[in-house]
Amino acid sequence: MGSAKRNKNVSGSSVSRQLRRKGSSPIPSRPFVVATFAMTVDGKTTTRNFTPVDFTSREDKLHLFRQRALADAVLIGHTSLKRDNVRLGIPAKLQKARRKHGQTPAPIRVIVSDKGKIDNQLNIFQTNISPIIIFSTRQMPQKYRQALREKATLHLTRAQHVDLAAILRTLRDSYKIRTVACEGGPTLFRALLERGLVDQLNLTIAPYMFGGANAPTLTGLSKEFLPASVHCTLTDMRVVGEECFLTYRIKHPRRRSK
Ligand SMILES: NC(=O)c1ccc[n+]([C@@H]2O[C@H](COP(=O)([O-])OP(=O)(O)OC[C@H]3O[C@@H](n4cnc5c(N)ncnc54)[C@H](OP(=O)(O)O)[C@@H]3O)[C@@H](O)[C@H]2O)c1
């Protein structure tokens with residue numbers, strides 16, 4: 001641990017190795033969930049204006065692509081989708097590595113939103129690299145349903161809020177998803193964490209400090225403590241340039257209720 005490694009390219013072969021190593025989820029009822037985030041030295045994941053995150057290096061962006069490429073599905077909250085206007089695709093080299101292993105070129109893209117007012121002009125809907133699935137509620141207005149059905153599969157629950165555990169079960173049972181890459185944001189991450197639904201955290205520490213009580217940390221803006229402290233085990237650490245790439249396994253209590 002701690003040795004500086006340099007890897008400036010999206011390495012198809014390194015992803016291939018990881019794809020080979022990838023096992024099935026240790027939790028039989030749901031996929032294995034890996035969250036990937038970057039934060040400043042003082043723990044901020046964005047500015048208080050929620051501007052798109054651009055405080056990390058090219059290496060970190062490649063790291064995010066590689067993590068995405070390892071998953072069967074990539075999961076994002078509506079606010080991050082809207083703010084960052086991401087497509088959630090992967091570079092051609094990583095698509096090739098996935099194909100070599102009998103996978104689809106890119107992970108399925110999954111959006112969660114309670115209110116469902118998702119703009120179908122967002123960049124994600126302008127590329128068909130992989131199917132898009134939206135988990136939302138019946139609060140989604142009809143005009144949004146019609147527009148979005150042309151671009152995505154909708155799962156609308158009667159409940160007020162989407163049920164994250166149920167979403168993961170559906171992804172596993174109906175879409176054969178074994179690994180999910182969660183790309184935030186902090187509100188979604190915290191909700192998953194509170195329900196014991198995160199298994200691994202990839203965390204990049206970038207050499208900046210933002211300050212600001214109104215800038216979200218990794219677990220968002222909530223003033224509340226988590227229901228129980230979450231124990232993380234550090235399993236890997238890489239230093240590239242001035243950034244530190246950490247990998248944690250999230251410890252789950254022995255007796256799982258989910
Ligand atoms: N530094 C990083 O690595 C990183 C990574 C990702 C994002 N970000 C930044 O984070 C900011 C956005 O994060 P955010 O925390 O405000 O929002 P978020 O987690 O991206 O999205 C929250 C939204 O997701 C929907 N949602 C549905 N069910 C939910 C549930 N159970 N829990 C949580 N959300 C649920 C809701 O959408 P509706 O409102 O439509 O109901 C909710 O408002 C952006 O500025 C982005 O740039 C940073």
Side-chain angles (χ1 to χ4, degrees), residues 9-10 12 15 31 33-38 45-47 49-99 103-157 162 164 167 170-171 174-177 179-189:
N9 299 312
V10 177
V15 168
V33 176
V34 181
T36 300
F37 277 90
T45 51
T46 185
T47 61
N49 298 325
F50 289 64
T51 44
V53 187
D54 202 11
F55 58 91
T56 64
S57 67
R58 185 175 137 72
E59 173 62 23
D60 179 62
K61 287 166 185 93
L62 297 178
H63 173 65
L64 185 66
F65 280 138
R66 286 187 211 109
Q67 293 305 319
R68 194 182 287 168
L70 287 169
D72 301 316
V74 52
L75 175 68
I76 194 164
H78 183 202
T79 309
S80 292
L81 180 73
K82 208 164 42 182
R83 296 274 176 181
D84 299 349
N85 205 4
V86 279
R87 288 183 168 80
L88 298 182
I90 55 172
K93 210 169 178 181
L94 294 177
Q95 292 181 34
K96 204 172 151 198
R98 285 175 59 98
R99 279 206 190 90
Q103 292 185 292
T104 54
I108 287 176
R109 295 167 292 171
V110 182
I111 304 164
V112 291
S113 164
D114 283 338
K115 300 187 194 84
K117 292 185 179 172
I118 304 169
D119 180 358
N120 78 337
Q121 295 305 306
L122 287 170
N123 284 342
I124 193 169
F125 299 112
Q126 315 315 319
T127 154
N128 57 5
I129 185 170
S130 66
I132 300 172
I133 305 170
I134 297 173
F135 288 94
S136 187
T137 69
R138 300 258 169 126
Q139 295 170 64
M140 181 185 278
Q142 281 299 341
K143 69 169 187 179
Y144 283 88
R145 293 187 200 189
Q146 274 167 14
L148 290 169
R149 275 207 176 101
E150 290 171 16
K151 316 256 183 177
T153 303
L154 305 190
H155 290 262
L156 305 181
T157 172
V162 295
L164 295 173
I167 288 175
T170 302
L171 287 175
S174 306
Y175 297 93
K176 309 288 171 240
I177 300 297
T179 50
V180 170
C182 172
E183 297 198 8
T187 308
L188 176 61
F189 174 68

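What you see below is based on every heavy atom in this structure, not just the backbone, and it leaves out hydrogens, waters and symmetry mates.
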Problem set entry | Distance in Å, D119 CG paired with I124 CD1, rounded so as to fall on 0.5 Å steps | 12.0 Å
Exercise. Do V180 and L171 come within less than 4.5 Å of each other through their side chains, counting heavy atoms only?
Worked result: yes
Problem set entry | Side chain to side chain, L156 and R145, heavy atoms closer than 4.5 Å | yes
Exercise. Which heavy atom in A38 sits nearest to a heavy atom in F55, and how many Å separate them?
Worked result: O-CZ, 3.7 Å
Seminar exercise, completed: Distance col, row F65:CZ vs Q95:CD, nearest 0.5 angstrom, shows 10.5 Å
Exercise. Is there a donor-acceptor pair closer than 3.5 Å between any side-chain N or O of N123 and the backbone N or O of R87?
Worked result: no
Exercise. Between CG of L64 and CD1 of I90, what distance do you get to the nearest 0.5 Å?
Worked result: 11.5 Å
Problem set entry | Beyond-backbone contact of T157 with H155, side-chain heavy atoms, under 4.5 angstrom | no
Exercise. Applying ring pair (Phe, Tyr, Trp, His ring centres under 6.0 Å), which residue pairs with at least one partner in residues 110-134 are found, sequence neighbours left out?
Worked result: none
Exercise. Between CE of M140 and CD of Q146, what distance do you get to the nearest 0.5 Å?
Worked result: 12.0 Å
Exercise. In Å, rounded to the nearest 0.5 Å, how long is the span from CZ of R66 to OG1 of T36?
Worked result: 11.5 Å
Problem set entry | N49 atom CG, over 12 foreign heavy atoms within 6.0 Å | yes
Exercise. Does any non-hydrogen side-chain atom of D54 lie less than 4.5 Å from one of K61?
Worked result: yes
Taking only distance into account, with no hydrogens and no angle test, what donor-acceptor pairs under 3.5 Å do side-chain atoms of residues 129-139 form with protein atoms, sequence neighbours excluded?
| unit_1 | atom_1 | unit_2 | atom_2 | d |
| --- | --- | --- | --- | --- |
| S130 | OG | P107 | O | 2.7 |
| S130 | OG | R109 | NE | 3.1 |
| S136 | OG | S113 | O | 2.7 |
| S136 | OG | D114 | O | 3.4 |
| T137 | OG1 | D114 | O | 2.5 |
| T137 | OG1 | Q139 | N | 3.1 |
| T137 | OG1 | Q139 | NE2 | 3.2 |
| Q139 | NE2 | Q160 | O | 2.7 |

For this session: Kindly write out the residues that satisfy ring-ring contact (aromatic ring centres under 6.0 Å, His included) with H78, not counting sequence neighbours, or none if the list is empty.
Result: none
Exercise. If we only count heavy atoms from C-beta on, is the R98 to P105 side-chain gap below 4.5 Å?
Worked result: no
For this session: Check S80 against G185 and note the closest heavy-atom contact, atom names and distance.
Result: OG-N, 3.1 Å
Exercise. Less than 4.5 Å apart, any side-chain heavy atom of V110 and any of V74?
Worked result: no
For this session: Could you check if a side-chain atom of R83 sits within less than 4.5 angstrom of a side-chain atom of T46, using non-hydrogen atoms only?
Result: no
Seminar exercise, completed: Value for CD (Q121) from CD (Q126), rounded to nearest 0.5 Å, stands at 5.5 Å
Seminar exercise, completed: Of all heavy-atom pairs linking L188 and G77, the shortest is CD2-N, 3.5 Å
Exercise. Are T179 and L70 close enough that some pair of their side-chain heavy atoms sits under 4.5 Å apart?
Worked result: no
